[in-house]
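Along the sequence shown, the residues carry numbers beginning at 1. Start at 1 and go down the list; that is how both ligands and their atoms are numbered. Keep in mind it's a predicted model, so treat the numbers as computed, not measured.
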Amino acid sequence: MQNIQKNLDTLKQRIAQAAPHRLNSVQILAVSKRQSSESIRAASELGLTNFGENYLQEALDKQVMLDDLNLCWHYIGRLQSNKTRLIAENFDWVHSLSRENIAQRLNRQRPDDSAPLNVCIQVNIDDDQDKAGVSPDETLALAQIINTLPKLKIRGLMTIPKAGSSASEQHRSFSSMVELFGQLQEICPHADTLSMGMSKDLEIAVQAGATMLRIGEALFGPRAPQ
Ligand SMILES: *Cc1c(COP(=O)(O)O)cnc(C)c1O
């Protein structure tokens, strides 16, 4: 658990070195998939409050064990229609929204007594066959539709750049996201979140203009095997 403290210090140093003026404004989403509830508890004791999970059942199990903490849960995994109800009922954010029918379901299934579900539209910025996400061209049209759904609140955009691309290619992809985010803010003035950058590419993302980094292994260490 002491490792998490050390890893968090290193993480903050990396951010400070890459973009000193951003250290206090960029948010860290602690990606806790295949990490134990004890690790999440330890991270929360260090002041982290936002946790990202990819696997629904695993996340629900950990939420029960951590019910005494006041954590903010982000769903960042693949969205399938048979999972939307439990996601709408148990998460505060979804980062991987890219289909209208899923948006409609989440809106319908979000409980009346819960605040609107915060959503980021996942953009497939590199047109990568292996990635989910809407194309940049279709992003604003989807945002317009989501804007009409009262139980969803658009917070911004999320992306995962193509694996194995060079630093300059990643920078180009992240910069395209910044541009698209500016266009989104014209139709959704309250959108404040550009979710991009992970353990290996956080420097490039934060320099380009990410507002939320999704950090797994650089914070928690290696994940348990699947
Ligand atoms: C697993 C995951 C991360 C974290 O990846 P690390 O390389 O461990 O930092 C971030 N975003 C998404 C969507 C993920 O699935």
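A side-chain donor-acceptor contact under 3.5 Å links Glu169 to the backbone of Ser166.
Under a 4.5 Å side-chain heavy-atom criterion applied to ILVMFWY residues, the cluster that includes Met212 comprises Leu29, Val31, Ile76, Trp93 as well.
For ligand 1, the protein residues within 4.0 angstrom (heavy atoms only) are Val31, Lys33, Asn54, Ile76, Ile160, Met198, Ser199, Arg214, Ile215, Gly216, Glu217, Arg223.
Side-chain atoms of His74 and Asp92 form no donor-acceptor pair, as typed in the model, at a separation below 3.5 Å.
Not counting sequence neighbours, the partners of Glu100 by the side-chain contact (heavy atoms from CB on, under 4.5 Å) test are Gln104, Leu142, Ile145.
His21 and Ser25 make their closest contact through O-OG, 4.3 Å (heavy atoms, listed as atom of the first residue, atom of the second, distance).
For residues 141-156, the pairs satisfying salt bridge (charged side-chain N to carboxylate O under 4.0 Å, His left out) are Arg155-Asp192, with sequence neighbours left out.
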